[in-house]
Amino acid sequence: MTRIRLYNTKTRAKEDVAPIDPANVRMYVCGPTVYDRAHLGNARPVIVFDVLFRLLRHVYGPEHVTYVRNFTDVDDKINAEAQRRKALGDPRSLEELIRERTEETIGWYHADMDALGALRPTLEPRATDYIGQMIGMIAGLIRSGHAYAKDGHVLFRVRSYAEYGRLSGRSVDDMIAGARVEVAPFKEDPMDFVLWKPSDADLPGWESPWGRGRPGWHIECSAMSEELLGTSFDIHGGGIDLQFPHHENEIAQSRCAHPEADFAKVWMHNEMLQVEGKKMSKSLGNFFTVRDLLDKGIPGEVIRFVFLQTHYSKPMDWTEEKARAAEATLRKWRGLVADTEPAPSPAPSVIAALADDLNTAGAIAELHGLAGAGDRAALKRSAEAVGLLTDELSRWEWQPRIVAATGRAEGRSTARGVGESRFDCMDRIAQKLADARTSALRSKDFTEVDRIKSILVSAGVEVRMSKEGVQLLPSSNFDPAKLEALE
RNA sequence: GGCGGGUUGGCGGAGAGGUUACGCAGCGGAUUGCAAAUCCGUGAAGACCGGUUCGAUUCCGGUACCCGCCUCCA
């Protein structure tokens, strides 16, 4: 069996993965707060842990891996959006507006992540469906002295957990010394964090022993992971920015609630995304969502490829240049594996790269090797192991056909599935160009051929002409409107 | 201020204490009405200063610069 090695943030070392129960390998990843479209940075953990999910399924069997990724659907930003809509005159109740907002955001999230070729996790719990478990866990922490209630709030007593700060390598005293937070009056200690907080009448709330209120952010993940994966499980993932305080707090809550258990054995953190060398932020004007890129015509598969080129533990830079290069490579590979039956299993070299702490860049290098060797079946199957060259992601590419100079069309044609209409004119124009070229080759007057070609190029269509015939390849920025002059 | 990550050829980006990463771009050639694509070939690196070693880009220490977290942003 393939030995998977992963870098464990908790021990700061690469370790062999030894599942608690190989018949049910369990992974939890912190999911999105569903208040708006996912931005490009949100895609990174999704793709990273999707590759790990695929690898675990490959090694332990698809039915022996449980992957949980939550939706945080109770949050002040969600409330703010709902209140904004209400202020704009929407007659519905706040609860209805919140429900609508989270429902539509979850729908967007699924659509966008599907477009990136990410498999859906085994379970996608919503925080609001686990309020009871959270209340139970908080009550237990109060009983054991790890938490206290004050003025409708419940706070975790950080000093009661000696190992607090272990994951992120911080000491409580250092943090207090450098802290910039003002201390709320209901806190015993500045480091204590909220488990439960009171809700006003105009905020969503649930009845609890401490009054009507809502849970703090950190308790959600502790309660859901325990309910769905147990008190000890194999892998916990998320962005490096969650390492502190979110993951530190999760560990404190869960280990204090269940001192006999380990909680997560391996902690994995992906590094952040940058855009053209800078942090993505609204103030820098380089903030964009996954949907923005898809709408610009950049295929999800291209986005995925760009992400996989950088190891998850390193900061990654998104650039237009990378997207262009990735698209060129994928075009080449897709041409190579078209109509190819995948090999029964991925190339061992690809699996070996992935098993070495998810070395996706190394895996892609191996794929280049397979492509260079012309091993189409292995390329297709191996690429699928990292979620590339899958049939689900093939829609972006128009499968070009060659219109021969003899006037007869050859080969397969048209895009598969959705989006076909965009390319409806392609065959007709290709034929027109092929005809013009046939007569030009006789008359030696290429004026008309060059005219058609330059219009196509300006519309974002690559034109290839050879003695086999004419081939048109619309690129991702193809604009059908610019072809009107040819109609 | 505290904690953490990074610095590899023109660009992107891996592994390995001694032997070609890989891709893109470039250059030379084949092919082509032009061009593209394709094919063949090819040069190019390891921030800086020390140390360990027969030998380090790879291990250790320091310096510089960049980035992130410490604020419910993945």
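Letters A, B, ... mirror the listed sequences (proteins, then strands); counts begin at 1.
By the 30° and 60° cut-offs, the orientation of the rings of A:His246 relative to A:His218 is tilted. Ring geometry, A:Phe307 versus A:Trp318: the interplanar angle falls from 30° to 60°, so the pair is classed tilted. Relative ring orientation between A:Phe193 and A:Tyr164 is described as parallel, the plane-to-plane angle staying below 30° on a 0-90° scale split at 30° and 60°.
Considering only side-chain atoms of A:Gln274, the nucleotide from B:G23, B:C69, B:C67 that sits closest is B:C67. Of all nucleotides listed (B:C69, B:A74, B:G23), B:C69 comes nearest to the side chain of A:Phe244. Nearest nucleotide to the A:His368 side chain, out of B:G23, B:A14, B:C67: B:G23. Each of B:G12, B:G5, B:A14 was ranked by its minimum atom distance to the side chain of A:His311; first place goes to B:A14.
Interatomic distance, CD1 of A:Ile240 versus OG1 of A:Thr9, reported as 6.0 Å (0.5 Å rounding). Atom CG of A:Leu358 is separated from atom CZ of A:Arg54 by 12.0 Å, given to the nearest 0.5 angstrom. We find the CG-CG distance between A:Asn8 and A:Leu167 to be 8.5 Å, quoted to the nearest 0.5 Å.
When rounded to the nearest whole Å, the span between CE of A:Met316 and C1' of B:G6 equals 15 Å. For the pair A:Ile240 CD1 and B:C70 C1', the computed distance is 13 Å after rounding to whole Å. When rounded to the nearest whole Å, the span between CE of A:Met272 and C1' of B:C3 equals 15 Å. A straight line from OH of A:Tyr28 to P of B:A74 spans 13 Å, rounded to a whole angstrom. For A:Arg44 and B:G68, the CZ to P distance is 14 Å, given to the nearest whole Å. In this structure, A:Arg166 atom CZ and B:C70 atom P are separated by 22 Å, rounded to whole Å. Atoms CH2 (A:Trp267) and C1' (B:G4) sit 17 Å apart, rounded to a whole Å. A straight line from CH2 of A:Trp333 to C1' of B:C24 spans 13 Å, rounded to a whole angstrom.
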Stepwise, does the side-chain hydrogen bond (donor to acceptor under 3.5 Å, both in side chains) test hold for A:Thr289 with A:Asp292? CA-CA 5 Å; A:Thr289 65; A:Asp292 290 336; 3.2 Å; yes

Full working for salt bridge (Lys or Arg N to Asp or Glu O under 4.0 Å) between A:Arg159 and A:Asp189: CA-CA 8 Å; A:Arg159 299 277 183 184; A:Asp189 185 281; 3.2 Å; yes

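Taking the six-membered ring for Trp, A:Tyr161 and A:Phe156 have ring centres at least 6.0 Å apart.
Position along RNA chain B of the nearest nucleotide to A:Gly369 versus A:Ser313 favours A:Ser313 as the more 5'-ward residue. Heavy-atom distances to RNA chain B give each of A:Leu242 and A:Lys322 a nearest nucleotide, and the one nearer the 5′ end belongs to A:Lys322.
A salt bridge is defined here as a Lys NZ or Arg NE, NH1 or NH2 lying under 4.0 Å from an Asp or Glu carboxylate O, and A:Asp73 with A:Arg126 meets this definition.
Contact annotation: A:Thr310 side-chain N/O to B:G13 OP1/OP2 distance is under 4.0 Å. OP1 or OP2 of B:U7 has at least one side-chain nitrogen or oxygen of A:Lys314 nearer than 4.0 Å.
Note on A:Thr72: nothing from the nucleic acid sits closer than 4.0 angstrom, heavy atoms only. Among the heavy atoms of the strands lying under 4.0 Å from A:His39 is at least one base atom, whether or not backbone atoms are also near. Across all strands shown, A:Ile364 has no heavy atoms under 4.0 Å from either base or sugar-phosphate atoms.
On the C1' atoms, B:U58 is 14 Å away from B:U52, given to the nearest whole Å. Atom name P, nucleotides B:C24 and B:C39: the rounded distance is 9 Å, in whole Å. One C1' atom belongs to B:A74, the other to B:U31, and the distance between them is 49 Å to the nearest Å. Look at the C1' atom in both B:A56 and B:A47: the space between them is 16 Å, to the nearest Å. Taking atom P in both B:A14 and B:U8, the straight-line distance is 10 Å, to the nearest Å. Straight-line distance between the P atoms of B:C59 and B:G26: roughly 34 Å, to the nearest whole Å. The separation of B:U32 from B:A25, taken at their C1' atoms, amounts to 22 Å, rounded to a whole angstrom. With P as the reference atom, B:U20 and B:G33 are 41 Å apart, rounded to whole Å.
In this structure B:G61 sits in a base pair with B:C49, meeting the Watson-Crick or G-U test at under 3.5 Å. Base pairing annotation: B:G68 forms a Watson-Crick or G-U wobble pair with B:C3, both donor-acceptor distances under 3.5 Å. Pairing for B:G55 is absent, judged as Watson-Crick or G-U wobble with the two contacts each under 3.5 Å. Across all strands shown, the partner of B:G26 is B:U42, judged by Watson-Crick or G-U wobble contacts whose two distances both fall under 3.5 Å.
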Per-nucleotide protein contact along nucleotides 30-45 of chain B, 5' to 3', at a 4.0 Å heavy-atom cut-off (B base, S sugar-phosphate only, - neither), is ---BBBBSS-------

